[in-house]
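Take a look at the structure below.
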Amino acid sequence: MSDSSSKPDLSALDFKSATLYAIRVVLHSADLNALTNALDQRMKDAGAFFENEAIVIDATALTENINWKALLKALRTHKLSPIGVMANDKNLESALREGLTAVDLSNAPSKNIAPANTSQNATSDTTQTIDSTAGKADTVPASTPKENLEPASTTMVVDRPLRSGQRIYAKGGDLIVVGMVSQGAEVIADGNIHVYGPLRGKAMAGARGDTNARIFATQLDPELLAVAGVYRVIEAELEAGIRNKPAIVQLQSDKLDILPLDSKG
């Protein structure tokens, strides 16, 4: 006979610590049309930058009722995955009924990413991702810094121009492009981005929340710039002292600074 008092086999399940990276979407209006129109434009401006990201909806500034069902549908249409909500009173209650989880980001810590230190070449014409082995012109804070990030340990080197429609992602490290990044092309890195040539497409550094990441270019004339989720769509030409000149892009107090590269010396 089996011993009914014996302990169950615990090997079937285990608890492990984990860090979930999520973008915070801050609502400034409860008007559904205004929200969906703004969402459509934001996603169009950002290209694929936020696609397939987990998001937390921050509605703490609102007292008007929110149509959560329609809003969640609109977010998912843009390949965003709502997982949590910050809201008050009835808005929180109705969000929970739609399957969201209440979260608190007020004390979320942040950790910087160390610079990348090894190199790997990329030569294919398709979208590329490299993993670490040890991750308008208005400036819009679109995400919160993400916690407990592992040090970046890989550098991707692309030694050719990038054409419109091409997308390169250096996951877990820095990205170096030796050549032009054409309009319609995207370069993304969890660390820094260096472009030795004209940068005319979209460049997104610190993709997993590294607020110390930077973008360096020898000829800056981009469509979009982003660092740690704070992005700027370039709708008008940059000022003459920066456009098509060597420049650095960095994050300062939730705003993007674009500086001539010689000003850092």
Side-chain angles (χ1 to χ4, degrees), residues 16-26 42-43 45-58 75 78-84 103 105 107-120 122 127-135 139-158 167-177 181 185-195 201-216 222 224-232 248-257:
K16 300 278 188 178
S17 61
T19 298
L20 176 65
Y21 304 115
I23 290 171
R24 182 172 58 161
V25 177
V26 182
R42 294 284 192 213
M43 296 301 290
D45 291 342
F49 187 44
F50 298 119
E51 283 187 3
N52 303 312
E53 290 279 4
I55 64 169
V56 172
I57 304 171
D58 183 350
L75 290 166
H78 285 287
K79 300 182 180 179
L80 298 171
S81 301
I83 60 168
V103 298
L105 301 180
N107 296 315
S110 62
K111 182 176 179 179
N112 297 328
I113 297 179
N117 53 28
T118 60
S119 176
Q120 179 165 341
T127 297
Q128 299 182 28
T129 301
I130 185 167
D131 288 288
S132 168
T133 55
T139 303
V140 183
S143 70
T144 54
K146 297 166 180 130
E147 311 87 28
N148 302 319
L149 301 176
E150 294 296 327
S153 61
T154 308
T155 296
M156 173 186 273
V157 179
V158 179
R167 182 175 187 257
I168 300 291
Y169 177 24
K171 185 176 181 180
D174 290 0
L175 173 62
I176 298 174
V177 180
V181 178
E186 297 181 10
V187 288
I188 305 171
D190 289 346
N192 302 307
I193 293 175
H194 304 257
V195 179
K202 299 176 181 178
M204 310 164 192
R208 297 185 71 82
D210 181 9
T211 56
N212 288 328
R214 299 180 182 183
I215 300 169
F216 304 87
L224 179 144
L225 298 166
V227 176
V230 177
Y231 70 92
R232 177 177 173 181
I248 180 173
V249 182
Q250 60 190 14
L251 192 60
Q252 293 286 347
S253 303
D254 280 337
K255 298 180 67 176
L256 288 183
D257 278 352

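All residue numbers in this chain count up from 1 along the given sequence.
In terms of heavy atoms, Gly206 sits closest to Ala213 at N-CB, 3.5 Å. Nearest approach of Ala189 to Gly173, heavy atoms of both residues: CB-O, 3.6 Å.
Taken to the nearest 0.5 Å, the CE atom of Met156 stands 11.5 Å off from the CD1 atom of Ile176. Taking CG from Asn212 and CD from Gln250, the interatomic distance works out to 9.5 Å, rounded to the nearest 0.5 Å. Rounding to the nearest 0.5 angstrom, the gap separating the CG atom in Asp210 from the CG atom in Leu251 is 10.0 Å. Here the CZ-CG distance, from Arg214 to Leu256, works out to 12.5 Å after rounding to the nearest 0.5 Å. One finds the CG atom of Leu75 at 5.0 Å from the CD1 atom of Ile57 (value rounded to the nearest 0.5 Å). For the atom pair CG of Leu80 and CD1 of Ile23, the computed distance is 7.0 Å after rounding to the nearest 0.5 Å.
Between Ile188 and Arg167 there is a side-chain heavy-atom pair separated by less than 4.5 Å. Contact annotation: the side chain of Ile55 never approaches that of Ile83 to less than 4.5 Å [non-hydrogen atoms, C-beta and beyond]. Here the side chains of Tyr169 and Met204 are not in contact, with every heavy-atom distance at 4.5 Å or above. The side-chain heavy atoms of Leu175 and Val158, taken from C-beta on, include a pair separated by under 4.5 Å.
At least one donor-acceptor pair under 3.5 Å links the side chain of Asp174 to the backbone N or O of Asn192.
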Derivation and outcome, side chain to side chain contact (heavy atoms under 4.5 Å, CB included), residues Val181 and Lys202: CA-CA 8 Å; Val181 178; Lys202 299 176 181 178; over 6 Å; no
Test side chain to side chain contact (heavy atoms under 4.5 Å, CB included) applied to Ile215 and Leu225, step by step: CA-CA 8 Å; Ile215 300 169; Leu225 298 166; 4.1 Å; yes
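By the side chain to side chain donor-acceptor pair (under 3.5 Å) test, His194 pairs with no residue at all, sequence neighbours left out.
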